[in-house]
Amino acid sequence: MARALFPLFKSKSSLSHYASALRFSVSSQPQFESVGFIGLGNMGSRMARNLIKSGFRVTVHDINSYAVNMFLEMGITTKETPFEVAEASDVVITMLPSSSHVLDVYTGPNGLLHGGNFLRPLLLVDSSTIDPQTSRKLSLAVSNCVLKEKKDYWKEPVMLDAPVSGGVLAAEAGTLSFMVGGSEDAYLAAKPLLLSMGKRAVYCGGAGTGSAAKICNNLAMAVSMAAVSEALTLGQSLGVDASTLTSVFNSSSARCWSSDTYNPVPGVMEGVPASRNYECGFASKLMAKDLNHAVASAKEVGIRCPLTSQAQEIYRELCKDGHEAKDFSCVFRHYYSGKDEL
């Protein structure tokens, strides 16, 4: 298994020069031999398992000893600090709850950048959902570092922001979608690695654009879920069963992911959080956090986003009322007071 076979190209011409070799590598071999994974929560633990299934040599870390022990029992190497993970890895992937957690793992005591200006990993990939400003800040910090050991054509360390969409079910199934910001050449080199955990990776542009795309995606998802929940609750009040109205939505212009894939009404769809008391999904507190990022980003660029602000208030209220750990689709029951389908 080759390590970092292909370069961080400096220009489009140099990229073209190696295009045929890169296509061969992407189709036939993984780019990285050893992968560090930091953040073994609901999403990260499943992503790490899929890397292991794909044959990568994985080293893991988390502050939760229970999560770490599950991997230790599987015979997977564990480390006590992010820096130790970095020292053992060609690439490090982080999957963490918030910007502050990511900053701590990168720049805190014994963080990934603890070695000063020298880095062992060729590539750092952050799949957390954080604000674009933090992604750009960390990307710049990584680009100012020097590789401890230059490998083949890879001359400098690079960071990608690569948040995901699909939730826990997609993480389990290995069908996540990645939104990637950073060097396009690094994206091409990392794509086989990403596709061992997902089914699609979309290049969004320079540093921070993956994080920006994820914030926009979650903004649309939050508004969509609130709208579907509002419409289904109104329908119930007007005498239309939620399953009937869902059928109408899914065969007409209102069809969307919140109605046909992640329906919020208990009893309408199996295998979604609504069917298990809104457990083991995308927590309302995380949606509230992402909406906070969206509102802040909109203010930064001077864009009016009234629906974003309304969704932000709805999810803040859900969290204030004690439902922060429930899947965000619980807005149907706990904000709109919608009824279960019997």
Side-chain angles (χ1 to χ4, degrees), residues 41-47 97 129 163-177 198-199 214 217-292 294 307-342:
N42 286 334
M43 296 290 292
S45 61
R46 289 162 171 82
M47 293 166 68
T129 299
V164 301
S165 180
V168 174
L169 296 178
E172 181 79 37
T175 57
L176 292 167
S177 293
K199 65 177 180 180
K214 179 58 190 296
N217 180 81
N218 281 19
L219 149 62
M221 189 167 67
V223 171
S224 169
M225 183 59 74
V228 167
S229 296
E230 188 170 300
L232 289 169
T233 304
L234 177 60
Q236 287 181 332
S237 299
L238 295 174
V240 184
D241 290 342
S243 56
T244 300
L245 195 51
T246 294
S247 180
V248 171
F249 289 174
N250 293 346
S251 58
S252 63
S253 56
R255 183 176 185 176
C256 63
W257 182 82
S258 297
S259 69
D260 71 0
T261 304
Y262 212 81
N263 196 279
V265 183
V268 168
M269 184 177 292
E270 295 181 359
V272 296
S275 69
R276 49 179 185 267
N277 196 32
Y278 302 105
E279 301 291 347
C280 299
F282 184 65
S284 293
K285 64 181 177 183
L286 296 180
M287 181 58 83
K289 176 209 69 172
D290 294 348
L291 289 167
N292 290 341
L307 294 179
T308 308
S309 297
Q310 183 62 53
Q312 179 191 40
E313 288 304 313
I314 288 172
Y315 279 96
R316 279 180 173 176
E317 185 171 330
L318 271 178
C319 294
K320 183 179 178 181
D321 290 343
H323 309 299
E324 67 275 5
K326 297 288 188 179
D327 182 78
F328 80 106
S329 62
C330 79
V331 67
F332 171 79
R333 175 187 287 173
H334 296 301
Y335 183 84
Y336 290 104
S337 301
K339 302 298 187 292
D340 295 7
E341 190 83 343
L342 302 177

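Computation of the quantities below employed the complete heavy-atom set of this structure, encompassing side-chain atoms and omitting hydrogens, waters and symmetry-equivalent molecules.
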Between the CG atom in Asn263 and the OG atom in Ser329, the distance rounded to the nearest 0.5 Å is 8.5 Å

Value for OH (Tyr335) from CD (Glu230), rounded to nearest 0.5 Å, stands at 8.0 Å

request  = State yes or no: are the ring centers of Tyr262 and Phe282 separated by less than 6.0 Å?
outcome  = no

Are Ile314 and Val331 close enough that some pair of their side-chain heavy atoms sits under 4.5 Å apart?
-> yes

Practice task
Would you sort out whether Leu232 and Phe249 count as a side-chain contact (heavy atoms from CB on, under 4.5 Å), showing the intermediate values?
Solution key: CA-CA 10 Å; Leu232 289 169; Phe249 289 174; 3.9 Å; yes

Tell me, do Thr129 and Lys289 make a side-chain contact under 4.5 Å, heavy atoms counted? yes

Between Phe328 and Ser284 the two heavy atoms that sit nearest each other are CA-OG, 3.4 Å

Checklist entry - So, Asp340 and Arg333, do they make that salt bridge, N to O below 4.0 Å? => result yes

Polar side-chain atom of Thr233 near backbone of Ser229 as donor-acceptor pair, under 3.5 Å:
yes

Practice problem: Please check if any side-chain donor atom of Lys199 sits under 3.5 Å from a side-chain acceptor atom of Thr175, or the reverse. | Solution: no

Shortest non-hydrogen pair, Ala242 vs Gln236, comes out as CB-NE2, 3.8 Å

Nearest heavy-atom contact between Thr308 and Ala294 is CG2-CB, 3.8 Å

For Leu176 and Met43 the tightest heavy-atom approach is CD2-CE, 3.7 Å

**OP:** Could you please spell out the steps behind the side-chain hydrogen bond (donor to acceptor under 3.5 Å, both in side chains) verdict for Ser224 and Ser258?
**Re:** CA-CA 6 Å; Ser224 169; Ser258 297; 3.0 Å; yes

Residues Leu169 and Gly271: closest non-hydrogen pair is CD1-O, 3.2 Å

Check your understanding: If we only count heavy atoms from C-beta on, is the Val164 to Ser177 side-chain gap below 4.5 Å?
Key -> no

Just wondering, do Gln312 and Asn292 contact through their side chains at under 4.5 Å, heavy atoms? yes

dist Leu245:CG -> Ser252:OG (nearest 0.5 Å) comes out at 8.5 Å

Hey, is the main chain of Ser237 close enough, under 3.5 Å, to the side chain of Lys339 for a donor-acceptor pair? no

Sorted by chain and residue number, the side-chain hydrogen bond (donor to acceptor under 3.5 Å, both in side chains) partners of Tyr315 (sequence neighbours excluded) come out as none

Between the CE atom in Met225 and the SG atom in Cys256, the distance rounded to the nearest 0.5 Å is 8.0 Å

Answer yes or no: is there a donor N or O on one side and an acceptor on the other, between the side chain of Lys326 and the main chain of Pro273, under 3.5 Å? no

query = Can a donor-acceptor pair be found between the side chains of Asp241 and Ser243 at a distance below 3.5 Å?
reply = no

Could you check whether atom CG of Leu238 has more than 12 heavy atoms from other residues, nucleotides or ligands sitting under 6.0 Å from it?
yes

Next on the checklist: Using a 3.5 Å distance criterion without hydrogens, assess whether the side chain of Ser259 forms a donor-acceptor pair with backbone atoms of Arg255.
Outcome noted: no

Here the gap from Leu291 atom CG to Leu286 atom CG, rounded to the nearest 0.5 Å, amounts to 11.0 Å

d(His334 NE2, Asp321 CG) to nearest 0.5 Å is 10.0 Å

Heavy-atom nearest pair, Ala311 first then Val223, reads CB-CG2, 4.1 Å

Is any side-chain N of the basic residue among Glu313 and Arg316 closer than 4.0 Å to the acidic one's carboxylate O? yes

Is the number of heavy atoms from other residues, nucleotides or ligands under 6.0 Å of Lys285 NZ greater than 12? no

